[in-house]
Amino acid sequence: MSDSILYARGIRRSFLSSGKEIEVLKGIDINVQKGKLVILKGRSGSGKTTLLNILSALDMPTGGQVFFDETDITNVSEKERELVRRKKIGFVFQSVALVPIMNAYQNIDFVLRMAEYEGDRDERIKHVLGLVGLEERMLHMPLQLSGGERQRVAIARAMAHKPMIIFADEPTGALDTAAGLNVMRLFKELIRVENMTIVMTTHDQNLMQMGDVVYEIEDGEIIGRSENTN
Amino acid sequence: MITLLIGKIKNRKLLNLCLLFGIVLFISVAICTPMFEYGSYNRLLQSDFDDYIEKNNREPIVLSHMEQIKTDSPLLIESCMTQMQDYSDIWEKYLPAEKKSTLKLFKLPDTKYEREYDVNTGMVGIYVIPDAMSHLEILSGEMYGENEYECVILQSTMDYTGILSDETITLPNIKDKMGTATKLKVTGIAEVKDVYDEFWITDPNTLNNAVLVSESLLQKLITNCNLVNYEYSVETSFDYRGIDCRDVEDIKYYLEEFGSKDKYFENSCTDTLIEYSFGQKEIEVIIRVVEMPMLALLLFFIYTVTGQILSLETAEIALLRSRGYYRKDIILLYGRQAAVLSVIGIVISIPIGMLMCVMAAMADGFMTFTLHSIASYRIVYPMFIYALIAAVCVIAVMIIPVIGYSDNDVVGNRKNKMGSNKSFIQKYYIDVILVVVTGYLMYNYVKQTELLAADIVSGKSIDGMMFLGVSFFIFSCAVLSVRLTKYAITLVYRIGNKKWAPNLYASFLELQSKNTKRDFICIFIVFTLSSSIFQANLASTINTNSDMRVTYDDGADIVIMEKWIPEKKADPVNKKMVRYYVEPDYSRFEGIRDDGCSMTRVIRDNSVTVRANSIPLTECEEMAINTKEFGESAIPIDGLNSEHYYNYLNALAGTVDGVLISRSIADYTGALVGERIVYEKLSDLDGNSEDNKVTMSAVIVGIFDAWPGYKRYEYKRDDNGAEKLHENHLIVTNYANDVNCFGIVPYEIWVNTDKTKTDGEFVREYCEEAGITLDYIKDAKEDIAITRNSSKFQITNGLFSLEFVVSILACTVGMLIYWISSMKQREMLFGIYRAMGMSMKEVVGIIVNEQIFASVTSWLFGGLFGILTSVFGVKLLATVYLPYKHSVPLNTVIDYADIVKLLAIVMAIIILCIYIMKKLMQSSNMAQAIKMGED
Ligand SMILES: Nc1ncnc2c1ncn2[C@@H]1O[C@H](COP(=O)(O)OP(=O)(O)OP(=O)(O)O)[C@@H](O)[C@H]1O
Ligand SMILES: [Mg+2]
């Protein structure tokens, strides 16, 4: 367990919905090891996104603990959670969420500034854009890119500041199969080259076998965990 | 998603409210215009009448017919009276004014009288004034009896002729058929009962030699003495207070008609009406040109808000289009919305427009108001026509942007957003071109300021382009400031490029992206601020200069002239009585000095003939002064002459027979310092009288351009209402020498009340208590108050204040809605920033930074351009109000206190905006970190 980077124990989350309390997560334990591509799968409404939000310090669980980089992030101030998100985590949102007033280059520069990146930002930006194969598009505004290209910029952005972990909620959801596969290959590549850890959710059965670890969630509970050793 | 939608709908409700706000302001200003014009014209008319009364001490509207007649046989007074009544009736019938009263005078030509115990004789007029006795009171004696050879004289007649009550006078030239001269017994002395009595259109005291008799007696004299020469006059006064400005043209027409039908017809008001028409045209131009930018600004506001709404509804429009709606359907849809808003707008605007008018009417300085009568401002029916026209304009302005948007489908939508990062104006340097063109236009006017002033004086109507040129220039500067702001942003951004914190980095990128709406708001702020600074400076320039001119013209803070009674003595050489003056005790005035005032005696004579280089100049003025006291008592005139004022006084003090001459004399005659001139004036020495002129020689010790109380330039109105320049000449001599050579004559006393509590009221009371009768008193403070009341200036101030209030309102609302909606539009973006770990504080930092580089820079540019335009152009517009050439030249006065006030107001609005935005962010879930699954 020494190379565990994220460890969650007994995560519960309930929402108040029209006066009624519904429990969406019913005690989840999860352990993410460094350098792995972890996939959360499950039917729609099973609680994948809710879990991801809690793991990435965007949401607080109703019960349970999340240890990230050896700190219990459910038990620290909002300011510290902000810092964690800022420096140690990368996000890939489903609908991309590039900043529309910034071009590809600036979008990445922005994240580097947020994380107070130590090295040469320009070099890093070009490097990560190179990784996603969009170096020559770096001055394009988001609206001038295709959906797949945007997603790739978003991935480059998510990893640019060398976070310890990247969370991606259905990164392939808006893409066709080929493009989705491309994104997955990119993830594998990032893990190899940059030594990242990635936690993502997906519906797509075709992509499952690309994960190192796959958790299956149903109705707020983990009902299965499988490891691909290929 | 649902919260976003609700937010959006709420947003749109707010925007529609703002739109309505702009529409209401626009229609209100339009409604206010005719009402304000009407009231202003009436106000001007009344103040012109008041001026007439002030100057002439007489009813301003009096029609009269005065005739001397000679008949073949004795006339019946009765029939003459009927004829007079006929004249009066015709005037009353046609003139659109209310008759006040009619005064009929019937008299014999002045005739010689002889007194019983006095050899002195003179001339009297025998008058019949119907109904006079009920408006006179008998001071001593009693009424004349009907048909008796009796008469009553007025007190002024008694003073003038010396005839007393109970005396019998003989009229040697009025003899009956037997050749006996008529004798009249003076039964009493009468005086006007009530000086404010409307009956006395002509004050009978001004007749000086009136002897009143009964009609029956005069008829008897006419018949018995076979008199065939008579004079009669009929005067009818009309109520000037009830005259409506719209009737002025009619009145002018009828006066002309009466004049053309009756060669003895005269009236007192043609000059006043000509003056009014002249001023009315000026005011009309001013109102139009001052309102135009205000209306344009509001239309611009409506246009911008409409654009904002449309940009939020592009998706809906695209959807409608894809559902098969035609372009015209969409235009119709928005047209309907515009019509509904306009109708609501009209309803709300009627009371608001009236309120605006009342506010503008009460202004008597830039943004200073006093409660005074606004009775001349009334609802006039063109208000409704203006409202309709305004509504049509509103609908048109709202439909124009729809035409562009209605063509959008989903694809076009995306293409649009990808457009160039520079606006059309920026790309083609249209702003720079505008500034150059309008700047050149303004420069041209400024260069011709003196010519324009002369045009105004000569009665040409003012050129509205003068005002508009300034507005255009300010507007162009406002457009340019958008570019300058962009440069400033780029510069600051570049300076710290690598080091900017992420939030500032984001906000700089936002600021650099094209945003037409934000540019509009900037233009709005700059324009509003610059124009109001300009207007405030214009007002202070006009006030300060006019105050200075008034004080200069008076010569000292207070100038008084005592009424001197001349002594009489017999002149044995010419065998006649002569008048001469003895100086009353000057020390009686000492009390005025108690408070620490300085004062001095100044002899003034304005019928001096000056001869230099054998060129004679008649009607020059002479001022004889005590140099030292004069230096302390007259107002200082530093900077108006080539040399210091005290050098002139010292030069004069050093030469007993020295004289200072005005530049005008030097220019006309070529006289130089050190040369001699001769001047000639009436001497009062040796008890001389009307025709004893004495000539003196004096050496020129200085030539001045300006001198306290010296009105070098004077204007006289000609028949066309135009004023012609006339130059006055002045020589200044030593008081002691003048008295030695010409004797003592009544002098003015100039009082310097500087830093003391003494004022005109005090001096008046003091003199009354000391038993001093004043011929006149000039009080600079009072005179300043009167000139500040000028209608033209007040009306302009009202308009400027209205413009300021309207633009500040539009500015505030425009800023608020723009910034709030821009924040709501970026709600999602802020959420992403927050998700990435940006703190709330940093997000607020984005907004603050944007405000600094959008609002605060606009604020700075507004101040800068306001001051610049003032320095450059205030003088130009000030000449419209002070076109007359004056020894005190027109100087631009920049009132920094006012500027600071205006800047503070706008800054307060900016801070309020930031505050509201901050509150909004904190209270709503705006700027909550977005979660996955919410994007
Ligand atoms: N803020 C919330 N308030 C109330 N209920 C919520 C909230 N967020 C999620 N839920 C509920 O929790 C359940 C799990 O939602 P979640 O978004 O985690 O599902 P998911 O597994 O990501 O589904 P999908 O595959 O469709 O994205 C759903 O039934 C949803 O309605
Ligand atoms: Mg989900």
Side-chain angles (χ1 to χ4, degrees), chain A residues 47-59 78-103 106-107 109-117 120-122 140-145 157-158 161 163 167-171 200-201, chain B residues 1-2 4 410-421 489 493 496-515 518 822 825-843 845-846 850 927-935:
Chain A
K48 303 182 295 290
T49 304
T50 309
L51 179 59
L52 213 55
N53 277 328
I54 289 169
L55 295 180
S56 63
L58 279 173
D59 196 11
E78 176 60 28
K79 205 169 164 57
E80 276 168 84
R81 290 155 58 80
E82 270 166 14
L83 262 173
V84 167
R85 293 206 298 268
R86 202 163 168 154
K87 296 196 165 174
K88 299 183 180 170
I89 294 177
F91 289 95
V92 179
F93 289 86
Q94 180 168 9
S95 60
V96 185
L98 291 180
V99 181
I101 49 157
M102 300 179 188
N103 61 29
Q106 291 163 336
N107 258 288
D109 198 1
F110 175 64
V111 168
L112 291 179
R113 284 169 197 256
M114 287 279 290
E116 291 162 32
Y117 183 76
D120 182 341
R121 289 205 302 267
D122 184 60
H140 283 214
M141 299 303 281
L143 275 167
Q144 295 167 306
L145 296 167
R157 185 180 70 173
H161 56 302
F167 291 97
D169 189 22
E170 307 203 27
M200 60 172 282
T201 65
Chain B
M1 267 322 213
I2 285 170
L4 225 114
V410 183
V411 183
N413 202 358
R414 184 170 160 197
K415 206 169 64 196
N416 246 359
K417 281 190 180 157
M418 282 168 28
S420 129
N421 210 16
I489 291 166
Y493 170 68
N497 183 11
K498 292 286 166 203
K499 289 182 207 68
W500 290 120
N503 62 335
L504 292 186
Y505 180 74
S507 86
F508 274 124
L509 290 176
E510 172 77 49
L511 282 166
Q512 280 175 332
S513 66
K514 175 181 159 187
N515 188 332
R518 191 175 54 223
S822 108
Q825 274 173 330
R826 288 189 286 167
E827 203 167 355
M828 174 115 162
L829 191 62
F830 292 149
I832 295 170
Y833 291 159
R834 295 278 285 140
M836 286 174 168
M838 200 181 265
S839 69
M840 185 65 206
K841 250 198 187 138
E842 286 171 294
V843 177
I846 293 181
E850 278 174 21
Q928 283 289 303
I930 202 166
K931 295 194 181 90
M932 288 189 265
E934 284 175 351
D935 50 333

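In the text below, chain A, chain B and the rest are named by the order of the sequence lines, each starting its count at 1. Keep in mind the model is a prediction, meaning the values are calculated, not measured.
Residues that satisfy the side chain to side chain contact (heavy atoms under 4.5 Å, CB included) test with A/Glu116, not counting sequence neighbours, are A/Lys87.
Note: A/Ile101 CD1 to B/Gln512 CD = 9.5 Å, rounded to the nearest 0.5 Å. Taking CH2 from B/Trp500 and CG from A/Asp109, the interatomic distance works out to 14.0 Å, rounded to the nearest 0.5 Å.
Taking each heavy atom of A/Arg85 and B/Ala835 in turn, the nearest pair found is NE-O, 2.9 Å. Here the closest heavy-atom approach between residue B/Gly837 and residue A/Met114 is recorded as C-CE, 3.8 Å. The nearest pair of heavy atoms linking A/Pro100 to B/Leu829 is CD-CD1, 3.6 Å.
Counting heavy atoms from C-beta on, the side chains of B/Tyr833 and A/Val99 come closer than 4.5 Å. For the pair B/Glu510 and A/Met102, the minimum side-chain heavy-atom distance is 4.5 Å or more. Contact of the A/Glu82 side chain with the B/Glu842 side chain is not registered, since no non-hydrogen atoms from C-beta on lie closer than 4.5 Å.
The parts of B/Leu509 that come within reach of chain A are both its backbone and its side chain, each placing non-hydrogen atoms under 4.5 angstrom from that chain. Proximity to chain B is limited to the side chain of A/Arg121, based on heavy atoms less than 4.5 angstrom apart. At a 4.5 Å heavy-atom cutoff, the contact between A/Ser56 and chain B is made by side-chain atoms alone. Interface remark: B/Lys498 contributes backbone and side-chain atoms alike to the contact with chain A (heavy atom separation under 4.5 Å).
Of the listed residues (A/Glu78, A/Gln106, A/Met141), the one with the most heavy-atom contacts under 4.5 Å to chain B is A/Gln106. Contacts with chain B were tallied for A/Thr49, A/Leu58, A/Val111; A/Leu58 has the most, counting heavy-atom pairs under 4.5 Å.
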(request) Go through A/Phe110 and B/Met838 one step at a time and tell me if the side chain to side chain contact (heavy atoms under 4.5 Å, CB included) criterion holds. (result) CA-CA 11 Å; A/Phe110 175 64; B/Met838 200 181 265; 3.5 Å; yes
